[in-house]
Amino acid sequence: MTNTVSGTPDTFPKLLILNAQRFGDRPAVREKEYGIWQTWTWKEVKEELFALAAGLRELGFSPGDKLAIIGRNRPRLYWGITAAQCLGGIPVPVYADSVAEEMEFVLNHAGVRFVLAEDQEQVDKVLEVGESVETLDQIIYDDPRGLREYDQTKLHDFAVVQNLGREALSREPELLNETIDQGRGSDVGIFLYTSGTTGKPKGVVLTNDNIIITSRNSVEFDRLTEAEETLSYLPMAWVGDHIFSHGQAYVAGFCINCPESEETVATDLREIGPTYYFAPPRVFEGLLTHVMIRMEDAGRIKQKLFHYFMKVARETGIRILDGEQVSLVDRLKYWLGNLLIYAPLKNTMGFSRIKLAYTAGEAIGPEIFDFYRSLGINIKQLYGQTEAAVFITMQPDGEVYADTVGVPAPEVDIRITDAGEVVYRGPGVFQSYFRDEEATRETKDDEGWVHTGDAGYFDDRGHLRIIDRAKDVGRLNDGSLFAPKYLENKLKFFPHIKEVVAFGHEREFVTALINIDLDAVGNWAERNNIPYASYQELAGNPEVYGMMEESIRQTNADLAGESQMGGSQIQRFLILHKELDPDDGEMTRTRKVRRNIIRDKYGVLVDALYEGLESCHIRTEVTFEDGRKGTLEADLSIRDVEVFPTVAKSA
């Protein structure tokens, strides 16, 4: 069994065996270390991974055991996922930036017995909570630096564990056969914990079928092949990375590339030049902000060329990408623009070879979306959830619109309830929430329909449009519709605005708390000779307030033309003295705003916005990178914003 496989593989160990047969000498994974890319083929991955699995077995890993995987994207950590499955165990990825308390909850809740940790930092966090996790037995580490003097009784070097495995396999070559043979598509394949937007994370139980069938359908939908290259830089504990860097990679047989560090992602992206790429909107927004900052520093001739050919791209590029008819003159202009502007720009961003790019998680601004598509980058939006193994909707080629998230993904059924909520069922639907039958029943009914909690509708083209979280959609006191995420996303389209939290349900008008984008606003300040020493000082600058006010004014003018949302114009705002931070509990690890926590934590500011005050004092507890606590105090200004007459509401 460890050398051949027949039929359609229904587990990842079986897929690995098949890939070693059909793509044996093709690259499966790369890692950049000390500035050099290291490559493993599918044959080599099989050998390395089976050695790890056998070594885990020698340490006492048994069917049903949980293996927590903690760290950044590293080949050995990815191998841990399938190694656990080879033994009938369950991998449990944990966010690498989790603080000890968050890690303790997941390890306890999942009943983790083994941990595969990246380095000393992660080992330290596990040891800190180790006594509180009764099931914890063994810890394996990838990077041994700094761990030499630690008590090695229950600590094991990854290489040593592999050596144990190789010795066991040399004695008994068929050691892994039985558990791999017994594996089935219906078996639990992985626990993926939600980001915990409204409370404690939930352990989403996904089967092998959930991941493999969904991956296979999406690979066929977008015609992905073994020739693709992707950059694996997003958290391993996030379902998106598990699908794109694990599920689809195994199904299609393509190569994943692990960056050297978080700081080198942009450089590594340019070096790899992936053909297939995923990023949340904030990454695409950040890249565009960086481009516009550089253009503001460029010479006048370069600026004129850039703006002229970007106008050509907006008028022509998307039509060419979608295969529409374009005149010869326009094609020649676009060709020249590609020679002078578009190709160098894509090369700078690392997108020269992009065949397909995806974004999801939040709405992306139409201007930002169209900017990338006008350059010839086939970027699409999808709508998904952990509970769906990602894909609920997808955008077919030629039907890519900035204001929708596409049509139902293959084999997925979607309907809109009478209350306007989006519900779905399909092959990716999760089995349950681990140890939470009540939450499972609330989310998934007996017929397999999953309640997303999102409000949406199908437009005349048959494409789904998402308005907001259903529970967050409310009404102002005058009956006007209030959809906070819709408003927040419109403001985040401005490159100098990083985060927004809007309030208005059962209020007289809408207000907002704003985080500035330090890179964009900092660059603006430097170009305008405005000195600042900290985020707090820059956020409180009157000219920065003026910039935010103008952005909100423009947004209000845009909202005034919308019959449904015209009554939700923002009338007052303030700029927060600190960035919203997952370590302070204000955001999830996937950087989703925890709205209820922010409302409670900054209640004094929200009250001041509605009480007509012109300023407000705030004292906030913060968590530093080393875990220490501190406080920030500030007097925050509050500003009014112009609102505009609205169009008549449709009947």
Checklist entry - For L49 and L16, what are the C-alpha separation, side-chain angles and deciding distance, and is it a side chain to side chain contact (heavy atoms under 4.5 Å, CB included)? => result CA-CA 9 Å; L49 197 151; L16 175 61; 3.9 Å; yes
Item to check | Stepwise side chain to side chain contact (heavy atoms under 4.5 Å, CB included) check, L356 with Y277 | outcome: CA-CA 7 Å; L356 174 66; Y277 181 69; over 6 Å; no
Item to check | Stepwise side chain to side chain contact (heavy atoms under 4.5 Å, CB included) test for I70 and M103 | outcome: CA-CA 9 Å; I70 311 170; M103 193 174 289; 3.7 Å; yes
Item to check | I69/V92 under side chain to side chain contact (heavy atoms under 4.5 Å, CB included): CA gap, chis, key distance, verdict | outcome: CA-CA 6 Å; I69 299 169; V92 185; over 6 Å; no
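The environment of R22 atom CZ is dense: over 12 non-hydrogen atoms of other residues, nucleotides or ligands sit within 6.0 angstrom. Within 6.0 Å of CD on E172 lie more than 12 heavy atoms contributed by other residues, nucleotides or ligands. Enclosure of atom CD in Q152 by more than 12 non-hydrogen atoms of other residues, nucleotides or ligands within 6.0 angstrom is indicated.
Here the side chain of D142 pairs no donor or acceptor atom with the backbone of L116 at under 3.5 angstrom. Remark: the backbone N or O of Y276 is paired with a side-chain donor or acceptor of T230 at under 3.5 angstrom. With hydrogens and angles disregarded, no donor-acceptor distance shorter than 3.5 Å links the side chain of S98 to the backbone of E102. K66 places no side-chain N or O within donor-acceptor distance of the main-chain N or O of G111, the cut-off being under 3.5 Å. For the pair E228 (side chain) and T225 (backbone), a donor-acceptor distance under 3.5 Å is present. Side-chain atoms of D222 never come within 3.5 Å of backbone atoms of L224 as a donor-acceptor pair (strictly under, hydrogens ignored). In this structure a side-chain-to-backbone donor-acceptor pair under 3.5 Å is present from E44 to T41. A distance-only check finds a donor-acceptor pair linking the side chain of Q120 to the backbone of G146 [under 3.5 Å].
Between the side chains of Q38 and E33, no donor-acceptor pair of N or O atoms lies under 3.5 Å. For the residue pair Q248 and S218, a side-chain donor N or O sits within less than 3.5 Å of a side-chain acceptor on the partner. No hydrogens or angles considered: a donor-acceptor pair under 3.5 Å links the side chains of Y535 and N515. The closest side-chain donor-acceptor pair between N210 and T207 falls under 3.5 angstrom. No side-chain N or O of D268 forms a donor-acceptor pair with one of Y233 less than 3.5 Å apart. In the model, T11 has no side-chain atom that pairs as donor or acceptor with a side-chain atom of N208 under 3.5 Å. In this structure, a donor-acceptor pair under 3.5 Å is absent between the side chains of K346 and S352.
Counting only heavy atoms from C-beta outward, the side chains of I497 and I516 never approach each other to under 4.5 Å. Between E387 and T194 the shortest side-chain heavy-atom distance falls below 4.5 Å. With contacts defined as side-chain heavy-atom distances shorter than 4.5 Å, the pair L67/I90 does not qualify. Contact of the S62 side chain with the D65 side chain is registered, since non-hydrogen atoms from C-beta on lie closer than 4.5 Å. For the pair P91 and Q85, the minimum side-chain heavy-atom distance is below 4.5 Å. Taking 4.5 Å as the limit, some side-chain heavy atom of T8 sits within range of a side-chain heavy atom of R216. Looking at V265 and L231, their side chains come closer than 4.5 Å, going by heavy atoms from C-beta outward. Counting only heavy atoms from C-beta outward, the side chains of R594 and M587 never approach each other to under 4.5 Å.
Scored by the side-chain hydrogen bond (donor to acceptor under 3.5 Å, both in side chains) test, K125 finds Q122 as partners (sequence neighbours excluded). F278 meets the ring pair (Phe, Tyr, Trp, His ring centres under 6.0 Å) test with W238, F244; sequence neighbours excluded. For E229, the salt bridge (charged side-chain N to carboxylate O under 4.0 Å, His left out) partners two or more places apart in sequence, or in a different chain, are R30. Annotation: salt bridge (charged side-chain N to carboxylate O under 4.0 Å, His left out) contacts of R72 (sequence neighbours excluded): E118. For E271, the side-chain hydrogen bond (donor to acceptor under 3.5 Å, both in side chains) partners two or more places apart in sequence, or in a different chain, are K32, W37. Take Q381 and apply the side-chain hydrogen bond (donor to acceptor under 3.5 Å, both in side chains) test, not counting sequence neighbours, and it matches no residue. Remark: E285 pairs with no residue by the side-chain hydrogen bond (donor to acceptor under 3.5 Å, both in side chains) rule, at least two apart or across chains.
One distance of note links OH of Y193 with CZ of F434; it measures 6.5 Å at 0.5 Å rounding. Atom NZ of K14 is separated from atom OG1 of T82 by 13.5 Å, given to the nearest 0.5 angstrom. Taken to the nearest 0.5 Å, the CE atom of M394 stands 9.0 Å off from the CG atom of N217.
Taking the six-membered ring for Trp and the full ring otherwise, F284 and Y372 have centroids separated by under 6.0 Å.
Nearest heavy-atom pair across L234 and P280 is CD2-CD, 4.0 Å. Nearest heavy-atom pair, P281 versus A360, reported as atom, atom and distance to 0.1 Å: CD-O, 3.2 Å. Nearest heavy-atom pair across I243 and S215 is CD1-OG, 3.8 Å. The nearest pair of heavy atoms linking P75 to V29 is CG-CG2, 3.8 Å. The two residues A237 and V94 have their closest heavy-atom pair at CB-C, 3.7 Å. Of all the heavy atoms in P27 and C255, the pair that sits closest is O-CB, 3.4 Å.
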Distance-only criterion, 3.5 Å: show the donor-acceptor pairs between side-chain atoms of residues 126-137 and protein atoms not counting sequence neighbours.
{"unit_1": "T135", "atom_1": "OG1", "unit_2": "V112", "atom_2": "N", "d": "3.4"}
{"unit_1": "T135", "atom_1": "OG1", "unit_2": "V112", "atom_2": "O", "d": "2.6"}
{"unit_1": "D137", "atom_1": "OD2", "unit_2": "R113", "atom_2": "NH2", "d": "3.3"}

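Each ring-ring contact (aromatic ring centres under 6.0 Å, His included) pair with one or both residues in residues 10-33, not counting sequence neighbours, appears once here: F12-H246, F12-Y250. For residues 61-107, the pairs satisfying ring-ring contact (aromatic ring centres under 6.0 Å, His included) are W40-W79, F61-F114, F105-H109, with sequence neighbours left out. Note on residues 236-263: no pairs pass salt bridge (charged side-chain N to carboxylate O under 4.0 Å, His left out), not counting sequence neighbours. The ring-ring contact (aromatic ring centres under 6.0 Å, His included) analysis of residues 122-168, with sequence neighbours excluded, yields no pairs.
We find that D584 and K578 are joined by a salt bridge, their nearest charged nitrogen and carboxylate oxygen being less than 4.0 Å apart. Ion pairing of D209 with R184 is absent here, as no side-chain N (NZ or NE/NH1/NH2) approaches a carboxylate O to less than 4.0 Å.
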